[in-house]
Amino acid sequence: MTKYVFVTGGVVSGLGKGITASSIALLLKSRGYKVFMQKFDPYMNVDPGTMNPIQHGEVFVTYDGCETDLDLGHYERFIDEELNYTSNITNGKIYSSVIEKERRGDYLGATVQMIPHITNEIKHKVYEAGASTGADIVITEIGGTVGDIESQTMLEALRQIQYEKKAEDTFFVHCTLVPYIYGSNELKTKPTQNSVRDLRNLGIRPDALVCRVPFPTTEAIKKKLSLFCSVSEENVIDSVDVTNIYEIPLNYHAQHIDEIILKHFALPIKKANLKDWEDLVQTVNNLKDEVEIALVGKYVELHDAYISVAESLAHAGYKYKVKVKINWVNSEDLEKESVNLKEVFKNSKGILVPGGFGTRGIEGKIKAITYARENKIPFLGICLGMQLAVVEFARNVLGYEDATSTEFNTISKHPIIDLMADQKSISNMGGTLRLGNYECTLLKDTLTRKIYGKDKILERHRHRYEFNNIYREELEQNGLIVSGINETNNLVEIVELKNHPFFVGCQFHPEFKSRPTRPHPLFDAFVKASIK
Ligand code: GLN
């Protein structure tokens, strides 16, 4: 008997709907309920895997290999549950599946329509999330804002769910903005009233309002919102601006949102256990020292493109009570002749090269890696960062000047990184990377083996190219240590360097598994080495 919380948004985007959904889920979990989360994105791409980070920010990858919206990263970090392929539903996915069924003849001669065929498919995805995970409560966030053309069928499906389920089985939270007008010094409720009216025009009645405000609203404002929006006063929740996002669940908890929802669901109100989270908030608010780490990427103006990496660095910092300050370095800038690397990395105690695709900026990243290797600065290379670390080693230690990845140059004599055989025949770009969990065996007497404290690990992947085994022996003979391999496919997963305080490159993305209360071992060790 799954219960459903739906989180919609109105007035403007960027109100923190994802954090609100995550906070609600965290609070319900803290009261002993099994929760699962889902995000609906109304765009027509099947998944964000083929989108430019400038459009979309980071692509988050679930353990089962689903390329998803970056909000899923917030979800996993807040609720500390592994989400799966049912967690991110796009219009692209819904439409492809309906069209595939139509071609197969599944609709038995019917005219295939938005209602009921598209809406049935959407409803199926909501119910599937509950059924496949056995969750007590599924929290579904709808991307975009109410009134967008794209999300109409999604909201219509939710209206049908509200209608076909019992009143105590669904709960709708609408996130809006209550702006403050300078001059008249007032908080304004009209945008929220209009947004709720838009929602009601679609047949959906919100059960609670979460209002983004610069400071707590007054009772009078709550009364007004309650009257105009038909939401009881205590169900009007303030979402006050914060500098530490981890405070948000506690702020909602203080306004009893979790009790309100459980009461509505007629579920027992078990005691909330928020101890770990409260400690986390304390830690984050009391970080004394600071360490600077350089992140060298090509989308550094858009921090969302590296959000899980930035979060993972912060998590490791919390463990050592240190604030990690990121020195965002644009890899293309490092390619200029005139660049002074010493100046760029002047205050950076560690250098990280994250994942990436395409040729732009790679020579700058390689320069940064040489700098880290030669100057014994702690280095962590993730996915493309690991591939480039191997290329750098082949160029500057083995002396293969043209060493590269065939992603950038297909005619080089030294393709140190190359396509796997099974990737060579692929023509579709979407969903065909090596994705999700693969096992990695850590080799004896390596730094990585020591860091993890075990010899088998599961990490999430998202790449097409691989370490070229033809060069393995030669690289190893010259001091590159292969410390992790996937035995099934004989693939190199982790490399490290001798005689260096910390130099690790991994083919997978450890950032997807880091949690604020449980930093990922590699980030932990990297930040620790950088502090030292
Ligand atoms: N572009 C590289 C590949 O496809 C690395 C991908 C990544 O960094 N996520 O293999």
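When a ligand or atom number is given, it counts from 1 through the structure's own listing order.
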Chemist: Taking only residues two or more places apart in sequence or in another chain, which ones pass side chain to side chain donor-acceptor pair (under 3.5 Å) with Arg515?
Modeler: Glu76, Asp80
Chemist: Aromatic rings His315 and Tyr246: how do their planes relate, parallel, tilted or perpendicular, breaks at 30° and 60°?
Modeler: tilted
Chemist: I need the contact residues for ligand 1: any residue with a non-hydrogen atom closer than 4.0 Å to the ligand, ordered by chain then number.
Modeler: Gly355, Gly356, Phe357, Cys383, Leu384, Gln387, Glu407, Arg462, His463, Arg464, Tyr465, His509
Chemist: For the NZ atom on Lys456, are there more than 12 heavy atoms of other groups (residues, nucleotides or ligands in this structure) within a distance under 6.0 Å?
Modeler: yes
Chemist: Would you please indicate yes or no on a ring centroid separation below 6.0 angstrom for His509 and Phe512?
Modeler: yes
Chemist: Establish, from distance only, whether the side-chain atoms of Arg460 and Thr62 form a donor-acceptor pair under 3.5 Å.
Modeler: no
Chemist: Among Leu475, Thr448, Leu480, find the residue that satisfies the side-chain contact (heavy atoms from CB on, under 4.5 Å) test when tested with Val495.
Modeler: Leu480
